[in-house]
Each structure stands twice: as C-alpha cells, then as structure tokens.
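Everything below concerns the one structure shown next.
We're numbering straight along the sequence, starting at 1. The analysis underlying the following values was restricted to heavy atoms, covering all of them including side chains, and did not include hydrogens, waters or symmetry mates.
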Amino acid sequence: MTSGLEHEPFVDAVVVGDFLQLRPRRVLELARQGVISAYPLGTGSRRVWRFRLSEVATALRSSSVNYPRQSPA
C-alpha cells in the first residue's frame, strides 16, 4: 500500500552545486551555516552531507540563500 507521496531521493553536494551553479565546497559551507537545508550523516568532523533539491529550491525562492561570491577552490 502506498500513501500517494513520492519519496524524493537525497543527493550530494556535487548535484546541489550543479543545480545552484556553485562549487560543492561552497554548498557544504552553506549547509554548515544552516543557510540551506541539509542532513549530516555520521558524527565527528568528517560528516557526509545529503540534500533534497526541493528543499534547496524552496530556500532559494524564499531568498534565504545569499551567496555574493564563491569561495576559492
């Protein structure tokens, strides 16, 4: 039995970076700052971050994302 809701897959910073036209490193910075919704997996300093594109798009539409410049690679 299905609830009628589709499950959106999680994506990594590379996919979000392509979507926002940012470097993956900048996407991770925005996630750590809490500017965009992200889901850290694991504990410690080496976390793996996953995202949902619909949540990133919602943050973008609400103008909560402000990235005047990309950080150097």
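For Arg47 against Pro40, the heavy-atom pair with the smallest separation is CD-CB, 3.6 Å. The shortest heavy-atom contact between Phe51 and Ala31 is CE2-CB, 3.7 Å.
With Val27 as reference, Ile36 is the one residue of Asp18, Ile36, Val15, Val14 to meet the side chain to side chain contact (heavy atoms under 4.5 Å, CB included) rule.
Under the 4.5 Å side-chain contact rule for hydrophobic residues, Leu60 and Val16 share a cluster.
At a threshold of 4.5 Å between non-hydrogen side-chain atoms, the residues Trp49 and Asp12 do not count as touching. Leu30 is listed as a side-chain neighbour of Leu22, based on a closest heavy-atom distance under 4.5 Å. For the pair Val11/Arg52, no side-chain contact is recorded, criterion being any heavy-atom separation below 4.5 Å from C-beta on.
Taking a cutoff of 4.0 Å between a charged side-chain nitrogen and a carboxylate oxygen, Glu29 and Arg26 qualify as a salt bridge.
Formation of a donor-acceptor pair under 3.5 Å by the Glu8 side chain with backbone atoms of Leu53 is found in this model.
Between Phe10 and Tyr39, the ring centre distance stays below 6.0 Å.
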